[in-house]
Amino acid sequence: AQSVTQLDSQVPVFEEAPVELRCNYSSSVSVYLFWYVQYPNQGLQLLLKYLSGSTLVKGINGFEAEFNKSQTSFHLRKPSVHISDTAEYFCAVSDGGGATNKLIFGTGTLLAVQP
Amino acid sequence: DAGVIQSPRHEVTEMGQEVTLRCKPISGHDYLFWYRQTMMRGLELLIYFNNNVPIDDSGMPEDRFSAKMPNASFSTLKIQPSEPRDSAVYFCASRWGPGELFFGEGSRLTVL
């Protein structure tokens with residue numbers, strides 16, 4: 001079965017600074033990867049996804065992620081964060097490699113943006 | 001569409017009581033998922049359905065948990081009897097095929 005590792009449980013960063021949230025997945029022949037964001041007391045919302053094609057994926061709110069097959073990574077980046085980006089971010093992989101299969105989530109990274 | 005609707009948003013109950021959580025997926029979606037979120041274990045997939053049929057219930061903790069989907073617009077997750085360790089936020093999510101997974105706002109369960 002697929003698995004996802006988010007090594008950083010919390011990432012503090014100052015407003016307008018760049019940020020990278022790390023995600024590594026277990027290797028598979030084919031893989032579909034996702035990043036979700038969870039604001040306090042809310043459900044998860046899709047930020048971006050990689051299914052195929054270009055390895056650089058752009059999402060909402062200025063976030064982007066790069067699929068790196070050789071390093072089995074899918075790190076999330078933003079060049080300049082805002083206070084409003086403070087939230088929990090989850091990396092997820094489609095189990096079994098199929099897009100219709102269940103999603104397995106990482107343990108999450110709390111992005112704490114400070115003024 | 002109003003999105004995935006869950007009820008109740010908050011539930012406080014005593015150990016041993018039956019708890020029923022409800023979910024209305026987005027109309028037209030053919031997949032429905034139940035997740036549980038805790039500080040200790042993060043987001044865990046409990047069970048998911050495709051076209052109202054349970055596909056994988058390997059994440060259901062034990063026999064005290066059961067889930068049903070009697071039709072395309074309604075699902076329930078039941079815990080009987082409830083225990084304090086069941087305290088968590090339970091999320092329902094739905095999607096159409098390989099599309100985006102939409103989450104409800106969750107049901108926060110506290111078992112005393």
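Letters A, B, ... mirror the listed sequences (proteins, then strands); counts begin at 1. Any value given below was found using the heavy atoms of this structure, including those in side chains, with hydrogens, waters and symmetry copies removed.
Near-neighbour residues of residues 100-112 of chain B relative to chain A, defined by a heavy atom under 4.5 Å from a heavy atom of that chain, comprise B:Glu100, B:Leu101, B:Phe103, B:Gly104, B:Glu105, B:Arg108. Near-neighbour residues of residues 80-91 of chain B relative to chain A, defined by a heavy atom under 4.5 Å from a heavy atom of that chain, comprise B:Phe91. Using a 4.5 Å cut-off between non-hydrogen atoms, the part of residues 34-41 of chain B that approaches chain A consists of B:Tyr35, B:Gln37. Contacts of residues 53-61 of chain A with chain B at a heavy-atom distance below 4.5 Å are absent; not one residue qualifies.
More than 12 heavy-atom neighbours from other residues, nucleotides or ligands sit within 6.0 angstrom of CG on B:Asn71. Heavy-atom contacts from other residues, nucleotides or ligands closer than 6.0 Å to CD of B:Glu18 number more than 12.
Looking at A:Gln45, neither its backbone nor its side chain comes within 4.5 Å of chain B, counting heavy atoms on both sides.
B:Phe33 and B:Ile79 are not part of a single hydrophobic cluster, where members link through side-chain heavy atoms under 4.5 Å apart. Two different hydrophobic clusters hold B:Phe74 and B:Leu77 under the rule that ILVMFWY side chains link at heavy-atom gaps under 4.5 Å. Both A:Phe74 and A:Leu76 are part of a single hydrophobic cluster, where members link through side-chain heavy atoms under 4.5 Å apart. Clustering ILVMFWY residues whenever any of their side-chain heavy atoms sit less than 4.5 angstrom apart, transitively, puts A:Leu46 in the very cluster that holds A:Leu51. In this structure, A:Val11 is a member of the same hydrophobic cluster as A:Trp35, with clusters built from ILVMFWY side-chain heavy atoms closer than 4.5 Å.
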> Hey, mind stepping through A:Leu44 and B:Leu43 against side chain to side chain contact (heavy atoms under 4.5 Å, CB included) and telling me if it holds?
Replying inline: CA-CA 11 Å; A:Leu44 280 70; B:Leu43 266 170; 3.5 Å; yes
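Between B:Leu45 atom CG and A:Leu103 atom CG the span is 8.5 Å, to the nearest 0.5 Å.
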